[in-house]
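Below is one structure; the comments refer to it alone.
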Number of protein chains: 2
Amino acid sequence: MAIEPRQNPTRVSCFECPLRHMRRFRPFSDSELEFVSTFKRGELLADTGTTVLAEGARSAHLYTVLAGWGFRYKILEDGRRQILNYVVPGDMVGLQGAVMAEMQHSVEALTPMTLCVFERSRLFSLFELHPGLSFDLTWLAAREESILDEHLLSIGRRSALERASYLLAFLFDRGMSAGILGDNHRHVPVTQMHFADTLGLSIVHTNKTLKKLADRGLIRWRDRGCDVLDPAGLQDLAKWKPEEARVRPFI
Amino acid sequence: MAIEPRQNPTRVSCFECPLRHMRRFRPFSDSELEFVSTFKRGELLADTGTTVLAEGARSAHLYTVLAGWGFRYKILEDGRRQILNYVVPGDMVGLQGAVMAEMQHSVEALTPMTLCVFERSRLFSLFELHPGLSFDLTWLAAREESILDEHLLSIGRRSALERASYLLAFLFDRGMSAGILGDNHRHVPVTQMHFADTLGLSIVHTNKTLKKLADRGLIRWRDRGCDVLDPAGLQDLAKWKPEEARVRPFI
DNA sequence: CGGGCGGTTGATGTCGGTCAAGTCGCGTGG
DNA sequence: CCACGCGACTTGACCGACATCAACCGCCCG
C-alpha cells in the first residue's frame, strides 16, 4: 500500500534542470537560480501507486514535480475517497505542510514521478532573500485555489456528463501545457476509478457516463487511461474554457 | 442586484485597527505596521447583498475584511450558482485578481461589511520589503486551499445530512474564531438558499435536510439565519474537527 | 393591503447508487 | 503451459436520494 519512495542517488543540478528551459516557465535570475540550487536537497523517485506525502505527516520537505503525474486526495474514516486535484511537472506539493502544522491531504503517484526535494526549514530564507520567488509561491497557491474553485463549481452544480467532460478537458489542458501527454499527445493516465473519486460519483455510474462520451467519439479508453480525441468538444459540453497559457512561475 | 459599494469617508488608521489587538492575530513589527498603513487606501462599506468583487473584473484593489460576513461564489452561464467559501474578518479577498489577470469568482456581502482597501500595484513592494508579510500572504493562500480541499471532500463524498452538518460546524467555527457570531454567540447569518448553493443541493432538499437537524435540536432557524445549538453534535455527525486555533497572520 | 422573500411540505419523477455478473488482459505460480 | 487471481472496464436490474413541481404560510416593508 504505502510503499516508501526512494531517493535518487544521482542528484541533478538546478542549472541543468530540464524544466527550466521550457518557454512556459519564467526565467530565473542568476541569484535566484543559485539560491534554489542550495535550497534543493535531492530528488525523489516515486513509482506508480506510491504515496509521496501522507495526510497528518509533518514532513521536513517540500517538493516540486519534475516529471510524471500525481494526485492529491483526502479520505473519510470509512474509506470514502475524494481526489482534490492532479499534479504535473512544475507544480509544487507540500506547501501546506510547510506553512501549516501538518499535511491535510495525501499525494500519490499516478505514473512514475520525479520530484525535487527542498528543505522546509530554509523556506523562510527564501522569503527573506528572494521577493520574486516569494511572489511566485503566492502565485502558485492562488492558482491552485482558482482550480479548486472550478472543481467545486463542477462537483456542486454540473451534471455527471458535464462534470466528466470538464475533468477530461481540464486534464487534457494540464497535461498539454506540461508536455506530458502520452502517445500522440492525447493520452491521460487516469483510470475510471480515479475519475469516479474526482467527480464524486460511483464507479458504475462513472463508467456509464464516460461510455457516452466514448460513444460520441470524444474519448477512447486504452491502456489504463484515456485518449482525449476531441478536447474542444469536451470543453463545449462542460461549458468551460481553460485559462489562456502564459508564462508561469516555477520553483 | 449589483449595487455599487461606497467608500468610507472616515478612514481609520491601521494603528488603531480594532482587529490588530485581537489575540488570535500575530502582532506586527513597527516597520510592518508602517508599511501596511501606507499600503492601505481606504475603507469600503458594503451593504447586505452588495457585490464586492465581480468575476472577470480586473480590480486595482485588494481587500482585507474588517467586519461582517461575505461569501465567494461562481455561476454557470445558465445561472446555476456554487458558493465556494465564506469570508470573515481577517480574511483577504481579491488576491487571485492581484496575482492572476482577472477575478475568477465574485464576492458578495452576507451582512453589512467593512473592508480595508489596498493598492494592488504596491503588492510587489510588499514582497520586496517585508518577508514576514509575504510569508503571511502565502500562509493565507495555503489555508484557503486547505479549506477548499475539505469542502470538496464534503460535496464529493458526504451525504446531504453530513454535508449540512459539516457546513454548519464549519461556519460556527469560523464565526466563533472571528468573534462575529450574533446573539448569544451562536447566530450564523446564512439563509437556506445559501446553504443549498454551498452544499450543491436544491433548496427543497436542503430545507428537508436542515429540518432534520432542527428536529434533533442541533440548530434553530430564526431571523434569516440559523442558531447553532450543538456544534459538537454537528461535528460528530459530519465526522469533522476544526483546526485547533492558533495565532494566525492578518494583513 | 399586496407583493416579495424566506421557509415548509407533499406528490411525483429521475439521476445516480447499489448489487450482481461477466469480460478482457496480464502477471504469477503450479 | 495453463489455471488462477486480480485489476480495469462493462452491463443490466433494481432502488433510493435528491430534484422538480406546486402549493402554502408568515413576516416585513412599501
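Throughout, protein chains are lettered first and strands after them, A, B, ... in sequence-line order, and every chain is numbered starting at 1.
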Spacing between [X] atom [atom1] and [N] atom [atom2], to the nearest angstrom:
{"X": "B/His194", "N": "C/dG7", "atom1": "NE2", "atom2": "C1'", "result": "14 Å"}
{"X": "A/Arg158", "N": "C/dC15", "atom1": "CZ", "atom2": "C1'", "result": "18 Å"}
{"X": "B/Met193", "N": "C/dT8", "atom1": "CE", "atom2": "C1'", "result": "16 Å"}
{"X": "B/Glu162", "N": "D/dA17", "atom1": "CD", "atom2": "C1'", "result": "13 Å"}
{"X": "A/Phe195", "N": "C/dG16", "atom1": "CZ", "atom2": "C1'", "result": "18 Å"}

Going by the salt bridge (Lys or Arg N to Asp or Glu O under 4.0 Å) test, which pairs reach into residues 60-69 of chain B, not counting sequence neighbours?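 Listed by first then second residue: nothing to list.
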Quick one: list whatever passes side-chain contact (heavy atoms from CB on, under 4.5 Å) with A/Arg220, sequence neighbours left out. A/Arg186, A/Arg222, A/Asp227, A/Leu229
For nucleotides 25-30 of chain D, give me one character per nucleotide, 5' to 3': B if any protein heavy atom sits under 4.0 Å from the base, S if the only such contacts are to the sugar-phosphate, - if neither. ------
Mind listing the closest non-hydrogen atom pair of B/Phe71 and B/Val87 along with its distance? N-CG2, 4.2 Å
Axis-to-axis angle between the two ends of the helix from C/dC1-D/dG30 to C/dG30-D/dC1 (five base pairs per end, rounded to 10 degrees): 20°
Working note: A/Leu171 + A/Val228, criterion side-chain contact (heavy atoms from CB on, under 4.5 Å); need CA distance, chi angles, decisive distance, verdict. CA-CA 9 Å; A/Leu171 288 172; A/Val228 176; over 6 Å; no
Tell me whether the count of non-hydrogen atoms from other residues, nucleotides or ligands lying under 6.0 Å of [atom1] in [X] goes above 12.
{"X": "A/Lys212", "atom1": "NZ", "value": "no"}
{"X": "B/Ile147", "atom1": "CD1", "value": "yes"}
{"X": "B/Ile203", "atom1": "CD1", "value": "no"}

Is there a donor-acceptor pair under 3.5 Å between the side chain of A/Thr111 and the backbone N or O of A/Gly68? no
So if I apply the side chain to side chain contact (heavy atoms under 4.5 Å, CB included) rule between B/Arg143 and each of A/Gln96, A/Met100, A/Gln104, which one comes out positive? A/Met100
Distance-only donor-acceptor pairs under 3.5 Å for side chains of residues 150-160 of chain A, two or more places apart:
from     : atom 1 : to       : atom 2 : distance (Å)
A/Glu150 : OE1    : B/Lys74  : NZ     : 3.2
A/Glu150 : OE2    : A/Arg158 : NH2    : 2.5
A/His151 : ND1    : A/Leu84  : O      : 3.1
A/His151 : NE2    : A/Tyr166 : OH     : 3.2
A/Ser154 : OG     : A/Arg158 : NE     : 3.3
A/Arg157 : NE     : B/Arg81  : O      : 2.8
A/Arg157 : NH1    : B/Leu201 : O      : 3.3
A/Arg157 : NH2    : B/Ala196 : O      : 3.1
A/Arg157 : NH2    : B/Asp197 : OD1    : 2.6
A/Arg157 : NH2    : B/Leu201 : O      : 3.3
A/Arg158 : NH1    : A/Ala238 : O      : 2.7
A/Ser159 : OG     : A/Glu162 : N      : 3.3
A/Ser159 : OG     : A/Glu162 : OE1    : 3.4

Residue-level proximity of residues 199-215 of chain B to DNA chain C when a heavy atom falls under 4.0 Å: B/Val204, B/Asn207, B/Lys208, B/Lys211
Within residues 148-157 of chain A, find the residues that approach DNA chain C with a heavy atom at under 4.0 Å, and present them sorted by residue number.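 Close to the strand, none.
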Are B/Leu95 and B/Leu140 close enough, and set up right, to give a side-chain contact (heavy atoms from CB on, under 4.5 Å), and what steps lead you there? CA-CA 10 Å; B/Leu95 185 58; B/Leu140 287 168; 5.9 Å; no
Do any side-chain nitrogens or oxygens of A/Gln192 fall under 4.0 Å of OP1 or OP2 in D/dT10? yes
Results of ring pair (Phe, Tyr, Trp, His ring centres under 6.0 Å) for B/His187 - residues two or more places apart only: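 Residues passing ring pair (Phe, Tyr, Trp, His ring centres under 6.0 Å) with B/His187: none at all.
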List for me each residue that meets ring pair (Phe, Tyr, Trp, His ring centres under 6.0 Å) alongside A/Tyr86, sequence neighbours excluded, and say none if there are none. none
Can you list, in residue-number order, the parts of residues 67-82 of chain B that come under 4.0 Å of DNA chain D, counting heavy atoms only? none
Could you go through A/Asp91 and A/Tyr63, starting from their C-alpha distance and side-chain angles, then the distance that decides it, and tell me whether this counts as side-chain contact (heavy atoms from CB on, under 4.5 Å)? CA-CA 8 Å; A/Asp91 289 343; A/Tyr63 308 85; over 6 Å; no
I'd like to check the side chain to side chain donor-acceptor pair (under 3.5 Å) partners of A/Glu55; sequence neighbours left out, ordered by chain and number. none
Partners meeting side chain to side chain donor-acceptor pair (under 3.5 Å) with A/Glu144 (sequence neighbours left out):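 Applying side chain to side chain donor-acceptor pair (under 3.5 Å) to A/Glu144 gives A/Arg72, A/Asn85.
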Just compare D/dC18, C/dG7, C/dG16 and give me whichever is closest to any side-chain atom of A/Arg163. C/dG16
